[in-house]
Peer 1: 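Input: one structure, supplied below.
Model, not experiment: these values are computed from the prediction. Naming: A, B, ... by sequence-line order, numbering from 1 per chain. The analysis underlying the following values was restricted to heavy atoms, covering all of them including side chains, and did not include hydrogens, waters or symmetry mates.
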Amino acid sequence: MAIWNVSKECMPAEDRRQLQDARLRKLVSRLYHHVPFYRHQLQELDITPGDITSIDDISRLPFTVKDDLRDNYPYGLFAAPESEIVRLHASSGTTGKATVVGYTRRDIEVWQECVARCLTMAGVGIGDKVQVAYGYGMFTGGLGLHYGAENLGANVIPISAGNTRRQLDFMVDLGTTAIACTPSYLAHVMENIKENQLEDLLKLRVAICGGEPWTVELRQKIEDGLGIELFDIYGLSEIMGPGVAQDCNQHQGSHVMDDHFYAEIIDPDTLEVLPDGEVGELVLTTLTKEGIPLLRYRTKDLTSITHEACACGRTSARISRFKGRSDDMLIIRGVNVFPSQIEAALLEISETSPHYQILVDRVRDYDTFEIAVEIDANLFSDEVSTLEKLSRRISETLQNAIGLHPAVRLVEPNTLDRSDGKAKRVIDKRRLF
Amino acid sequence: MAKQLSVFLENRSGRMRQVASLLKSAGINILSFNLAETSDYGMLRLMVDDPEKGAAALAAGGFSAHLTDVLIVYIPARMGSLSELLDLLGDTINIKYMYPYQTQEPNAGMVMKVSDMPWAEQRIRDAGYTVD
Ligand SMILES: [Zn+2]
(Lines give C-alpha, C1' and ligand atoms only; values in the text may rest on other atoms or scores of the structure.)
Protein backbone atom coordinates (compact mmCIF):
# COMPACT_ATOMS: atom_id res chain seq x y z
CA MET A 1 0.00 0.00 0.00
CA ALA A 2 1.07 3.48 -0.79
CA ILE A 3 2.68 5.73 1.78
CA TRP A 4 2.25 9.48 1.40
CA ASN A 5 5.57 10.61 2.87
CA VAL A 6 8.06 7.74 3.12
CA SER A 7 10.92 9.95 4.26
CA LYS A 8 8.96 11.08 7.32
CA GLU A 9 6.62 8.19 8.03
CA CYS A 10 9.25 5.47 7.69
CA MET A 11 12.16 7.36 9.19
CA PRO A 12 14.68 5.24 11.11
CA ALA A 13 14.08 5.54 14.85
CA GLU A 14 17.33 7.42 15.50
CA ASP A 15 16.62 9.99 12.77
CA ARG A 16 13.12 10.49 14.13
CA ARG A 17 14.49 11.20 17.59
CA GLN A 18 16.98 13.69 16.22
CA LEU A 19 14.22 15.48 14.37
CA GLN A 20 12.10 15.52 17.53
CA ASP A 21 15.11 16.81 19.55
CA ALA A 22 15.59 19.72 17.18
CA ARG A 23 11.89 20.52 16.94
CA LEU A 24 11.38 20.44 20.69
CA ARG A 25 14.32 22.81 21.23
CA LYS A 26 12.87 25.23 18.72
CA LEU A 27 9.38 24.91 20.21
CA VAL A 28 10.50 25.66 23.77
CA SER A 29 12.50 28.62 22.60
CA ARG A 30 9.53 29.98 20.64
CA LEU A 31 7.11 29.52 23.55
CA TYR A 32 9.56 31.10 25.98
CA HIS A 33 9.87 34.20 23.86
CA HIS A 34 6.36 34.57 22.48
CA VAL A 35 3.89 33.21 25.05
CA PRO A 36 4.06 34.85 28.50
CA PHE A 37 1.93 32.03 29.97
CA TYR A 38 4.61 29.46 29.12
CA ARG A 39 7.52 31.77 29.91
CA HIS A 40 6.26 32.22 33.46
CA GLN A 41 5.71 28.50 33.86
CA LEU A 42 9.19 27.67 32.58
CA GLN A 43 10.73 30.36 34.79
CA GLU A 44 8.92 28.97 37.82
CA LEU A 45 10.44 25.57 37.02
CA ASP A 46 13.79 27.28 36.56
CA ILE A 47 14.04 26.14 32.95
CA THR A 48 15.59 28.30 30.24
CA PRO A 49 15.26 27.27 26.60
CA GLY A 50 18.94 26.18 26.54
CA ASP A 51 18.22 23.54 29.21
CA ILE A 52 16.06 21.52 26.84
CA THR A 53 18.39 19.71 24.48
CA SER A 54 16.67 16.45 23.58
CA ILE A 55 13.21 14.97 23.43
CA ASP A 56 14.03 13.08 26.64
CA ASP A 57 13.97 16.42 28.44
CA ILE A 58 10.26 16.72 27.67
CA SER A 59 9.36 15.16 31.02
CA ARG A 60 10.76 18.27 32.71
CA LEU A 61 8.29 20.52 30.93
CA PRO A 62 4.94 21.65 32.37
CA PHE A 63 1.59 20.18 31.32
CA THR A 64 -1.16 22.13 29.60
CA VAL A 65 -4.84 21.46 30.31
CA LYS A 66 -8.07 22.55 28.66
CA ASP A 67 -8.64 25.13 31.40
CA ASP A 68 -5.41 26.88 30.39
CA LEU A 69 -6.92 27.49 26.96
CA ARG A 70 -10.12 28.71 28.52
CA ASP A 71 -8.35 30.98 31.02
CA ASN A 72 -6.39 32.55 28.18
CA TYR A 73 -9.40 32.88 25.87
CA PRO A 74 -9.33 33.90 23.12
CA TYR A 75 -5.77 34.73 22.04
CA GLY A 76 -3.65 34.43 25.19
CA LEU A 77 -1.79 31.28 24.11
CA PHE A 78 -1.18 32.31 20.51
CA ALA A 79 2.51 32.29 19.63
CA ALA A 80 2.15 33.94 16.23
CA PRO A 81 1.03 37.52 15.59
CA GLU A 82 -2.50 37.86 14.24
CA SER A 83 -1.08 38.96 10.88
CA GLU A 84 0.19 35.40 10.44
CA ILE A 85 -3.01 33.60 11.46
CA VAL A 86 -5.06 32.42 8.47
CA ARG A 87 -7.76 30.33 10.16
CA LEU A 88 -9.56 30.08 13.49
CA HIS A 89 -11.45 27.08 14.84
CA ALA A 90 -13.23 26.60 18.14
CA SER A 91 -14.38 23.80 20.35
CA SER A 92 -17.05 23.90 22.99
CA GLY A 93 -16.07 24.30 26.60
CA THR A 94 -17.50 23.06 29.86
CA THR A 95 -18.94 26.41 30.84
CA GLY A 96 -20.45 27.18 27.49
CA LYS A 97 -17.43 29.28 26.56
CA ALA A 98 -15.52 27.97 23.58
CA THR A 99 -11.78 27.55 23.32
CA VAL A 100 -10.26 29.08 20.22
CA VAL A 101 -7.32 27.85 18.21
CA GLY A 102 -5.50 29.65 15.41
CA TYR A 103 -3.51 28.31 12.48
CA THR A 104 -0.75 29.94 10.47
CA ARG A 105 -0.33 29.17 6.80
CA ARG A 106 2.34 26.64 7.79
CA ASP A 107 -0.02 25.03 10.35
CA ILE A 108 -2.62 24.52 7.65
CA GLU A 109 0.05 22.95 5.43
CA VAL A 110 1.05 20.56 8.19
CA TRP A 111 -2.57 19.69 8.80
CA GLN A 112 -3.15 18.96 5.10
CA GLU A 113 -0.01 16.86 5.10
CA CYS A 114 -1.15 14.82 8.11
CA VAL A 115 -4.62 14.22 6.70
CA ALA A 116 -3.12 13.26 3.32
CA ARG A 117 -0.99 10.70 5.17
CA CYS A 118 -4.10 9.33 6.89
CA LEU A 119 -6.09 9.10 3.68
CA THR A 120 -3.19 7.36 1.94
CA MET A 121 -3.00 4.96 4.88
CA ALA A 122 -6.63 4.14 4.16
CA GLY A 123 -5.83 3.43 0.53
CA VAL A 124 -7.36 6.65 -0.77
CA GLY A 125 -5.52 8.28 -3.67
CA ILE A 126 -5.75 10.60 -6.64
CA GLY A 127 -9.09 10.28 -8.39
CA ASP A 128 -10.86 8.84 -5.36
CA LYS A 129 -14.14 10.53 -4.59
CA VAL A 130 -14.12 11.57 -0.96
CA GLN A 131 -17.46 12.55 0.53
CA VAL A 132 -16.74 14.73 3.55
CA ALA A 133 -19.79 14.23 5.78
CA TYR A 134 -18.28 15.81 8.86
CA GLY A 135 -19.71 19.16 9.88
CA TYR A 136 -18.01 22.16 8.32
CA GLY A 137 -17.56 25.32 10.31
CA MET A 138 -15.92 26.06 13.64
CA PHE A 139 -15.62 22.32 14.23
CA THR A 140 -12.36 21.02 12.75
CA GLY A 141 -13.75 17.82 11.20
CA GLY A 142 -15.14 19.06 7.89
CA LEU A 143 -12.46 21.50 6.83
CA GLY A 144 -9.68 19.29 8.19
CA LEU A 145 -10.64 16.34 5.99
CA HIS A 146 -11.51 18.66 3.12
CA TYR A 147 -8.09 20.30 2.81
CA GLY A 148 -6.27 17.04 3.41
CA ALA A 149 -8.21 15.27 0.67
CA GLU A 150 -7.63 18.16 -1.74
CA ASN A 151 -3.94 18.14 -0.90
CA LEU A 152 -3.88 14.46 -1.70
CA GLY A 153 -5.52 15.09 -5.05
CA ALA A 154 -8.79 13.32 -4.42
CA ASN A 155 -12.14 14.59 -5.70
CA VAL A 156 -13.65 16.22 -2.67
CA ILE A 157 -17.42 16.21 -2.18
CA PRO A 158 -17.90 18.81 0.58
CA ILE A 159 -21.44 17.80 1.52
CA SER A 160 -21.02 18.40 5.29
CA ALA A 161 -23.03 16.57 7.96
CA GLY A 162 -26.69 15.60 7.91
CA ASN A 163 -29.38 15.28 5.21
CA THR A 164 -28.95 11.57 4.75
CA ARG A 165 -31.18 11.39 1.68
CA ARG A 166 -28.92 13.84 -0.14
CA GLN A 167 -25.82 11.99 1.07
CA LEU A 168 -27.15 8.80 -0.52
CA ASP A 169 -28.08 10.52 -3.78
CA PHE A 170 -24.58 11.92 -4.22
CA MET A 171 -22.99 8.71 -3.08
CA VAL A 172 -24.77 6.86 -5.88
CA ASP A 173 -24.72 9.55 -8.58
CA LEU A 174 -21.13 10.72 -8.12
CA GLY A 175 -19.68 7.32 -7.35
CA THR A 176 -18.27 8.11 -3.92
CA THR A 177 -15.39 5.77 -3.05
CA ALA A 178 -14.56 7.09 0.42
CA ILE A 179 -16.67 8.74 3.10
CA ALA A 180 -15.46 10.66 6.13
CA CYS A 181 -17.90 10.97 9.04
CA THR A 182 -18.53 9.92 12.62
CA PRO A 183 -18.96 6.15 13.03
CA SER A 184 -22.47 6.53 14.45
CA TYR A 185 -23.51 8.58 11.44
CA LEU A 186 -22.03 5.96 9.14
CA ALA A 187 -24.13 3.34 10.92
CA HIS A 188 -27.18 5.50 10.25
CA VAL A 189 -26.17 5.90 6.60
CA MET A 190 -25.76 2.13 6.36
CA GLU A 191 -29.30 1.55 7.60
CA ASN A 192 -30.62 3.91 4.98
CA ILE A 193 -28.58 2.24 2.26
CA LYS A 194 -30.07 -1.10 3.25
CA GLU A 195 -33.61 0.22 3.53
CA ASN A 196 -33.34 1.68 0.04
CA GLN A 197 -31.45 -1.34 -1.30
CA LEU A 198 -28.67 0.80 -2.72
CA GLU A 199 -25.79 -1.60 -1.92
CA ASP A 200 -25.23 -2.65 -5.52
CA LEU A 201 -25.23 0.93 -6.77
CA LEU A 202 -22.39 2.03 -4.49
CA LYS A 203 -18.68 2.25 -5.25
CA LEU A 204 -17.84 2.93 -1.61
CA ARG A 205 -14.60 1.26 -0.55
CA VAL A 206 -13.42 2.90 2.64
CA ALA A 207 -14.63 5.10 5.47
CA ILE A 208 -12.52 7.45 7.59
CA CYS A 209 -14.31 7.57 10.92
CA GLY A 210 -13.54 9.66 13.98
CA GLY A 211 -14.80 12.26 16.37
CA GLU A 212 -16.18 9.83 18.92
CA PRO A 213 -15.28 6.50 20.52
CA TRP A 214 -16.74 3.41 18.92
CA THR A 215 -16.74 -0.28 19.56
CA VAL A 216 -14.99 -3.08 17.71
CA GLU A 217 -18.46 -4.58 17.19
CA LEU A 218 -19.77 -1.50 15.41
CA ARG A 219 -16.71 -1.42 13.20
CA GLN A 220 -17.19 -5.08 12.29
CA LYS A 221 -20.88 -4.59 11.69
CA ILE A 222 -20.36 -1.73 9.22
CA GLU A 223 -17.44 -3.43 7.49
CA ASP A 224 -19.51 -6.58 7.00
CA GLY A 225 -22.70 -4.71 6.23
CA LEU A 226 -21.25 -2.53 3.50
CA GLY A 227 -18.24 -4.60 2.47
CA ILE A 228 -15.90 -1.67 3.09
CA GLU A 229 -12.84 -1.06 5.28
CA LEU A 230 -13.02 1.40 8.17
CA PHE A 231 -10.18 3.55 9.46
CA ASP A 232 -10.11 5.27 12.82
CA ILE A 233 -8.85 8.85 12.52
CA TYR A 234 -7.99 10.73 15.70
CA GLY A 235 -7.55 14.36 16.45
CA LEU A 236 -8.63 17.22 18.64
CA SER A 237 -8.93 20.88 17.85
CA GLU A 238 -6.58 21.93 20.65
CA ILE A 239 -3.79 20.01 18.95
CA MET A 240 -4.84 20.45 15.32
CA GLY A 241 -7.99 18.56 14.36
CA PRO A 242 -8.40 15.17 12.67
CA GLY A 243 -5.14 13.70 11.45
CA VAL A 244 -3.11 13.53 14.64
CA ALA A 245 -3.21 9.73 14.37
CA GLN A 246 -4.90 6.96 12.38
CA ASP A 247 -4.66 3.23 11.94
CA CYS A 248 -3.11 1.73 8.81
CA ASN A 249 -4.36 -1.36 6.98
CA GLN A 250 -2.75 -3.56 9.68
CA HIS A 251 -5.22 -2.10 12.21
CA GLN A 252 -2.75 -2.66 15.05
CA GLY A 253 -3.13 0.72 16.72
CA SER A 254 -3.06 4.22 15.29
CA HIS A 255 0.09 5.80 13.88
CA VAL A 256 0.75 9.14 15.57
CA MET A 257 2.22 11.77 13.25
CA ASP A 258 4.99 12.10 15.78
CA ASP A 259 7.32 14.20 13.69
CA HIS A 260 4.69 16.88 14.41
CA PHE A 261 2.94 15.66 17.58
CA TYR A 262 5.00 14.00 20.26
CA ALA A 263 2.99 11.48 22.26
CA GLU A 264 3.54 10.40 25.86
CA ILE A 265 1.42 8.29 28.16
CA ILE A 266 1.20 9.44 31.78
CA ASP A 267 -0.39 8.16 34.93
CA PRO A 268 -3.27 10.66 35.35
CA ASP A 269 -2.84 10.65 39.13
CA THR A 270 0.93 10.81 39.64
CA LEU A 271 1.60 12.49 36.25
CA GLU A 272 4.60 10.18 35.81
CA VAL A 273 5.43 9.07 32.27
CA LEU A 274 4.51 5.43 31.76
CA PRO A 275 6.50 2.90 29.73
CA ASP A 276 5.28 1.43 26.43
CA GLY A 277 2.32 -0.90 26.80
CA GLU A 278 0.93 0.60 29.99
CA VAL A 279 -2.46 2.29 29.89
CA GLY A 280 -2.60 5.94 30.90
CA GLU A 281 -3.55 9.36 29.65
CA LEU A 282 -2.35 10.48 26.24
CA VAL A 283 -0.31 13.68 26.36
CA LEU A 284 0.58 15.49 23.13
CA THR A 285 3.14 18.18 22.37
CA THR A 286 2.78 20.10 19.12
CA LEU A 287 6.38 20.06 17.90
CA THR A 288 5.89 22.24 14.84
CA LYS A 289 2.77 24.26 15.51
CA GLU A 290 3.10 28.02 15.09
CA GLY A 291 -0.35 29.48 15.76
CA ILE A 292 -1.03 27.97 19.15
CA PRO A 293 1.66 25.48 20.11
CA LEU A 294 1.00 23.49 23.26
CA LEU A 295 3.39 21.74 25.60
CA ARG A 296 2.31 18.37 26.94
CA TYR A 297 -1.42 18.85 26.42
CA ARG A 298 -3.44 16.43 28.54
CA THR A 299 -6.02 14.91 26.20
CA LYS A 300 -7.80 12.94 28.98
CA ASP A 301 -8.01 10.03 26.53
CA LEU A 302 -6.79 6.75 28.01
CA THR A 303 -4.65 4.54 25.82
CA SER A 304 -1.22 2.87 25.62
CA ILE A 305 1.65 3.42 23.23
CA THR A 306 4.15 1.28 21.33
CA HIS A 307 7.25 2.32 19.40
CA GLU A 308 7.69 -1.00 17.62
CA ALA A 309 7.89 -0.77 13.85
CA CYS A 310 4.64 -1.68 12.10
CA ALA A 311 4.26 -4.29 9.36
CA CYS A 312 3.08 -1.51 7.05
CA GLY A 313 6.59 -0.06 7.05
CA ARG A 314 5.87 3.05 9.09
CA THR A 315 8.07 3.65 12.12
CA SER A 316 5.97 6.19 14.00
CA ALA A 317 4.64 5.50 17.50
CA ARG A 318 1.26 3.82 17.65
CA ILE A 319 -1.49 4.27 20.22
CA SER A 320 -3.99 1.53 21.01
CA ARG A 321 -7.77 1.77 20.85
CA PHE A 322 -8.99 4.22 23.48
CA LYS A 323 -9.83 2.67 26.81
CA GLY A 324 -11.90 5.53 28.18
CA ARG A 325 -11.50 9.03 29.56
CA SER A 326 -9.75 10.27 32.67
CA ASP A 327 -12.48 12.90 33.14
CA ASP A 328 -16.27 12.84 33.00
CA MET A 329 -16.60 14.02 29.41
CA LEU A 330 -19.14 12.18 27.28
CA ILE A 331 -19.03 12.08 23.53
CA ILE A 332 -22.58 11.96 22.21
CA ARG A 333 -23.13 11.84 18.45
CA GLY A 334 -19.61 13.20 18.06
CA VAL A 335 -20.25 16.15 20.36
CA ASN A 336 -18.24 16.60 23.55
CA VAL A 337 -20.50 16.99 26.55
CA PHE A 338 -19.54 17.63 30.14
CA PRO A 339 -22.13 17.07 32.88
CA SER A 340 -21.14 20.49 34.24
CA GLN A 341 -22.48 22.11 31.05
CA ILE A 342 -25.83 20.49 31.64
CA GLU A 343 -25.83 21.60 35.25
CA ALA A 344 -25.07 25.18 34.16
CA ALA A 345 -27.85 25.11 31.59
CA LEU A 346 -30.36 23.85 34.16
CA LEU A 347 -29.36 26.66 36.50
CA GLU A 348 -30.60 29.08 33.87
CA ILE A 349 -34.04 27.58 34.28
CA SER A 350 -34.30 27.03 38.02
CA GLU A 351 -32.74 29.04 40.84
CA THR A 352 -31.34 25.94 42.38
CA SER A 353 -30.18 23.15 40.15
CA PRO A 354 -32.74 20.38 40.20
CA HIS A 355 -31.69 16.77 40.45
CA TYR A 356 -31.09 15.45 37.00
CA GLN A 357 -29.65 12.46 35.28
CA ILE A 358 -28.16 12.07 31.85
CA LEU A 359 -29.00 8.81 30.11
CA VAL A 360 -27.01 7.93 27.05
CA ASP A 361 -27.57 4.77 25.10
CA ARG A 362 -27.04 3.50 21.62
CA VAL A 363 -30.14 2.30 19.82
CA ARG A 364 -29.69 0.91 16.33
CA ASP A 365 -26.15 2.32 16.41
CA TYR A 366 -27.40 5.83 17.05
CA ASP A 367 -26.73 7.65 20.31
CA THR A 368 -29.83 8.46 22.30
CA PHE A 369 -29.56 11.36 24.71
CA GLU A 370 -32.12 11.80 27.41
CA ILE A 371 -32.17 13.96 30.45
CA ALA A 372 -34.42 13.17 33.38
CA VAL A 373 -35.25 16.13 35.62
CA GLU A 374 -36.89 15.82 39.00
CA ILE A 375 -39.89 18.10 39.48
CA ASP A 376 -39.02 19.85 42.73
CA ALA A 377 -40.98 22.68 44.36
CA ASN A 378 -39.21 25.25 42.14
CA LEU A 379 -40.29 23.58 38.93
CA PHE A 380 -43.68 22.30 39.96
CA SER A 381 -46.82 23.42 38.23
CA ASP A 382 -50.34 22.03 38.39
CA GLU A 383 -50.76 22.91 34.72
CA VAL A 384 -49.65 20.35 32.16
CA SER A 385 -49.08 23.05 29.55
CA THR A 386 -46.58 24.76 31.89
CA LEU A 387 -44.77 21.47 32.45
CA GLU A 388 -44.64 20.87 28.72
CA LYS A 389 -43.22 24.35 28.25
CA LEU A 390 -40.64 23.53 30.90
CA SER A 391 -39.55 20.39 29.00
CA ARG A 392 -39.21 22.38 25.82
CA ARG A 393 -37.25 25.11 27.57
CA ILE A 394 -34.84 22.62 29.10
CA SER A 395 -34.34 21.00 25.72
CA GLU A 396 -33.78 24.32 23.96
CA THR A 397 -31.43 25.64 26.63
CA LEU A 398 -29.33 22.50 26.35
CA GLN A 399 -29.43 22.67 22.58
CA ASN A 400 -27.99 26.19 22.81
CA ALA A 401 -25.41 25.22 25.41
CA ILE A 402 -24.06 22.04 23.88
CA GLY A 403 -25.51 21.78 20.39
CA LEU A 404 -27.45 18.59 21.04
CA HIS A 405 -31.17 18.17 21.39
CA PRO A 406 -31.96 15.94 24.36
CA ALA A 407 -35.22 14.17 25.04
CA VAL A 408 -36.42 15.61 28.34
CA ARG A 409 -38.29 13.44 30.83
CA LEU A 410 -39.83 14.99 33.93
CA VAL A 411 -39.78 12.65 36.90
CA GLU A 412 -40.99 12.62 40.47
CA PRO A 413 -38.66 13.95 43.17
CA ASN A 414 -36.25 11.53 44.82
CA THR A 415 -36.58 8.93 42.10
CA LEU A 416 -33.20 9.31 40.40
CA ASP A 417 -30.32 7.13 41.56
CA ARG A 418 -28.34 8.46 44.43
CA SER A 419 -25.48 6.25 45.42
CA ASP A 420 -24.10 7.05 48.89
CA GLY A 421 -26.34 10.09 48.97
CA LYS A 422 -24.44 11.49 46.00
CA ALA A 423 -26.41 11.96 42.84
CA LYS A 424 -25.44 9.74 39.96
CA ARG A 425 -25.42 12.22 37.12
CA VAL A 426 -24.60 10.05 34.16
CA ILE A 427 -25.78 6.66 33.05
CA ASP A 428 -23.97 5.67 29.88
CA LYS A 429 -25.21 2.31 28.66
CA ARG A 430 -23.19 2.30 25.45
CA ARG A 431 -20.14 0.37 26.74
CA LEU A 432 -17.83 2.05 24.25
CA PHE A 433 -14.52 1.19 25.79
CA MET B 1 -60.81 30.62 46.86
CA ALA B 2 -60.39 26.94 47.62
CA LYS B 3 -57.27 24.80 47.88
CA GLN B 4 -56.70 21.96 45.48
CA LEU B 5 -54.15 19.25 46.08
CA SER B 6 -52.01 18.91 42.93
CA VAL B 7 -49.80 15.84 42.54
CA PHE B 8 -47.16 15.19 39.88
CA LEU B 9 -47.25 11.49 38.97
CA GLU B 10 -44.94 9.59 36.69
CA ASN B 11 -46.66 7.05 34.49
CA ARG B 12 -45.71 4.07 36.58
CA SER B 13 -48.04 1.35 37.66
CA GLY B 14 -49.32 1.62 41.20
CA ARG B 15 -48.84 5.36 41.69
CA MET B 16 -52.55 6.21 41.83
CA ARG B 17 -53.12 3.39 44.24
CA GLN B 18 -50.37 4.70 46.51
CA VAL B 19 -51.90 8.17 46.53
CA ALA B 20 -55.29 6.75 47.50
CA SER B 21 -53.73 4.57 50.14
CA LEU B 22 -51.73 7.42 51.74
CA LEU B 23 -54.82 9.62 51.88
CA LYS B 24 -56.85 6.80 53.39
CA SER B 25 -54.23 6.21 56.09
CA ALA B 26 -54.24 9.93 56.91
CA GLY B 27 -58.03 9.81 57.24
CA ILE B 28 -58.61 12.16 54.36
CA ASN B 29 -61.73 12.10 52.24
CA ILE B 30 -61.48 12.68 48.50
CA LEU B 31 -64.38 14.82 47.32
CA SER B 32 -63.52 15.06 43.64
CA PHE B 33 -60.54 14.65 41.34
CA ASN B 34 -59.26 15.03 37.83
CA LEU B 35 -56.28 13.48 36.08
CA ALA B 36 -54.50 15.15 33.15
CA GLU B 37 -52.09 12.84 31.42
CA THR B 38 -49.20 13.06 28.98
CA SER B 39 -47.16 10.15 27.65
CA ASP B 40 -44.62 10.42 30.49
CA TYR B 41 -46.47 11.77 33.47
CA GLY B 42 -49.81 12.84 34.82
CA MET B 43 -51.12 15.69 36.92
CA LEU B 44 -53.57 14.53 39.54
CA ARG B 45 -55.80 17.26 40.94
CA LEU B 46 -57.69 16.41 44.07
CA MET B 47 -60.31 18.19 46.14
CA VAL B 48 -60.14 16.76 49.64
CA ASP B 49 -61.66 17.61 52.99
CA ASP B 50 -58.31 18.69 54.48
CA PRO B 51 -55.90 19.83 51.73
CA GLU B 52 -53.00 20.86 54.06
CA LYS B 53 -53.04 17.55 55.85
CA GLY B 54 -53.37 15.74 52.51
CA ALA B 55 -50.36 17.55 51.03
CA ALA B 56 -48.29 16.73 54.08
CA ALA B 57 -49.28 13.06 53.96
CA LEU B 58 -48.41 12.75 50.29
CA ALA B 59 -45.14 14.66 50.64
CA ALA B 60 -44.18 12.36 53.50
CA GLY B 61 -44.91 9.47 51.17
CA GLY B 62 -42.45 10.85 48.62
CA PHE B 63 -44.89 12.53 46.27
CA SER B 64 -44.54 15.93 44.70
CA ALA B 65 -47.76 17.36 46.13
CA HIS B 66 -48.56 21.05 46.26
CA LEU B 67 -51.55 23.26 47.08
CA THR B 68 -53.11 25.29 44.29
CA ASP B 69 -55.74 28.02 44.45
CA VAL B 70 -58.91 27.14 42.57
CA LEU B 71 -62.47 28.41 42.44
CA ILE B 72 -65.44 26.25 43.27
CA VAL B 73 -68.44 27.63 41.45
CA TYR B 74 -71.98 26.33 41.93
CA ILE B 75 -74.15 26.50 38.87
CA PRO B 76 -77.79 25.41 38.53
CA ALA B 77 -78.10 21.75 37.58
CA ARG B 78 -79.98 22.42 34.40
CA MET B 79 -79.36 22.59 30.68
CA GLY B 80 -77.46 25.69 29.51
CA SER B 81 -76.06 26.82 32.86
CA LEU B 82 -72.42 26.10 31.99
CA SER B 83 -72.75 28.08 28.79
CA GLU B 84 -74.18 31.03 30.76
CA LEU B 85 -71.27 30.91 33.20
CA LEU B 86 -68.70 30.88 30.40
CA ASP B 87 -70.46 33.70 28.57
CA LEU B 88 -70.13 35.69 31.74
CA LEU B 89 -66.37 35.19 31.76
CA GLY B 90 -65.98 36.07 28.10
CA ASP B 91 -63.03 35.49 25.83
CA THR B 92 -60.40 37.61 27.54
CA ILE B 93 -59.87 35.10 30.30
CA ASN B 94 -58.18 31.77 29.79
CA ILE B 95 -59.56 28.66 31.45
CA LYS B 96 -56.59 26.51 32.49
CA TYR B 97 -58.75 23.57 33.48
CA MET B 98 -62.08 22.70 35.02
CA TYR B 99 -63.78 19.59 36.33
CA PRO B 100 -66.96 18.69 38.20
CA TYR B 101 -67.19 19.00 41.95
CA GLN B 102 -69.84 17.77 44.36
CA THR B 103 -73.48 18.54 43.77
CA GLN B 104 -75.41 20.71 46.21
CA GLU B 105 -79.02 20.47 45.15
CA PRO B 106 -80.22 22.24 43.10
CA ASN B 107 -76.70 23.21 42.07
CA ALA B 108 -73.73 21.36 40.56
CA GLY B 109 -70.20 22.32 41.69
CA MET B 110 -67.38 23.10 39.25
CA VAL B 111 -63.67 23.38 40.09
CA MET B 112 -61.97 25.99 37.93
CA LYS B 113 -58.59 27.48 37.42
CA VAL B 114 -58.43 30.55 35.20
CA SER B 115 -55.77 33.04 34.17
CA ASP B 116 -57.08 35.88 36.35
CA MET B 117 -58.51 34.36 39.48
CA PRO B 118 -59.47 37.50 41.54
CA TRP B 119 -61.21 39.08 38.56
CA ALA B 120 -63.12 35.91 37.72
CA GLU B 121 -64.15 35.33 41.32
CA GLN B 122 -65.47 38.85 41.62
CA ARG B 123 -67.35 38.71 38.37
CA ILE B 124 -68.97 35.35 39.15
CA ARG B 125 -69.99 36.47 42.64
CA ASP B 126 -71.40 39.73 41.30
CA ALA B 127 -73.60 37.72 38.94
CA GLY B 128 -75.14 35.95 41.94
CA TYR B 129 -73.41 32.56 41.86
CA THR B 130 -72.10 30.88 44.97
CA VAL B 131 -68.30 30.66 44.92
CA ASP B 132 -66.08 28.85 47.42
ZN1 LIG C 1 1.12 0.51 10.20
Peer 1: Any side-chain heavy atom of B/R12 sitting closer than 4.5 Å to one from A/E412?
Peer 2: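 Yes, close enough: below the 4.5 Å cut-off.
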Peer 1: So which heavy atom on A/I222 is nearest to which on A/M190, and how close?
Peer 2: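 Smallest heavy-atom distance, with atoms named: CA-SD, 3.7 Å.
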Peer 1: I want to check something: taking the side chain as every heavy atom from C-beta on, are B/M98 and B/V111 in contact at a cut-off of under 4.5 Å?
Peer 2: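 They are not in contact (no side-chain heavy atoms under 4.5 Å apart), so the answer is no.
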Peer 1: Side-chain contact test, heavy atoms from C-beta onward, threshold under 4.5 Å: evaluate it for A/R166 versus A/I159 and give yes or no.
Peer 2: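 Answer yes - side chains close enough.
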Peer 1: By number, which residues in residues 38-75 of chain B have some heavy atom less than 4.5 Å away from chain A?
Peer 2: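 Result: B/T38, B/D40, B/Y41, B/M43, B/R45, B/G62, B/F63, B/S64, B/H66, B/T68.
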Peer 1: Taking only heavy atoms into account, what residues of residues 382-394 of chain A are found under 4.5 Å from chain B?
Peer 2: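 Counting heavy atoms that sit under 4.5 Å from chain B, the residues of residues 382-394 of chain A involved are A/D382, A/E383, A/V384, A/L387, A/E388.
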Peer 1: For A/K194 and A/E199, what are the C-alpha separation, side-chain angles and deciding distance, and is it a salt bridge (Lys or Arg N to Asp or Glu O under 4.0 Å)?
Peer 2: CA-CA 7 Å; A/K194 293 202 176 293; A/E199 292 99 319; 3.5 Å; yes
Peer 1: Using a cut-off of under 4.5 Å for heavy-atom pairs, which of B/N11, B/L9, B/V7 has the most such pairs with chain A?
Peer 2: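 Of the options given, most contacts go to B/L9.
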Peer 1: Does the structure place the NZ or CZ of A/R333 under 6.0 Å from the centre of the six-membered ring of A/F369, at an angle of no more than 45° from the ring's axis?
Peer 2: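 No, cation not above the ring by the 6.0 Å, 45° rule.
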Peer 1: Answer yes when A/D67 and A/R70 have at least one side-chain N-carboxylate O distance shorter than 4.0 Å, and no when they do not.
Peer 2: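 Salt bridge: yes.
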Peer 1: Got a donor-acceptor contact below 3.5 angstrom from the A/Q131 side chain to the A/Q167 backbone?
Peer 2: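 Confirmed, A/Q131 side chain pairs with A/Q167 backbone.
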Peer 1: Side-chain contact, heavy-atom cut-off 4.5 Å: A/D367 with A/D361?
Peer 2: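 Contact flag for A/D367/A/D361 side chains = no.
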Peer 1: Just so I understand: if I count every heavy-atom pair under 4.5 Å between each of B/E37, B/Q4, B/K96 and chain A, which residue has the most?
Peer 2: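 Among the listed options, the one with the most contacts to chain A is B/K96.
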Peer 1: Using the six-membered ring wherever Trp is involved, compare the ring planes of B/Y99 and B/Y97 and label them parallel, tilted or perpendicular (cut-offs 30° and 60°).
Peer 2: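 It falls in the parallel class, under 30°.
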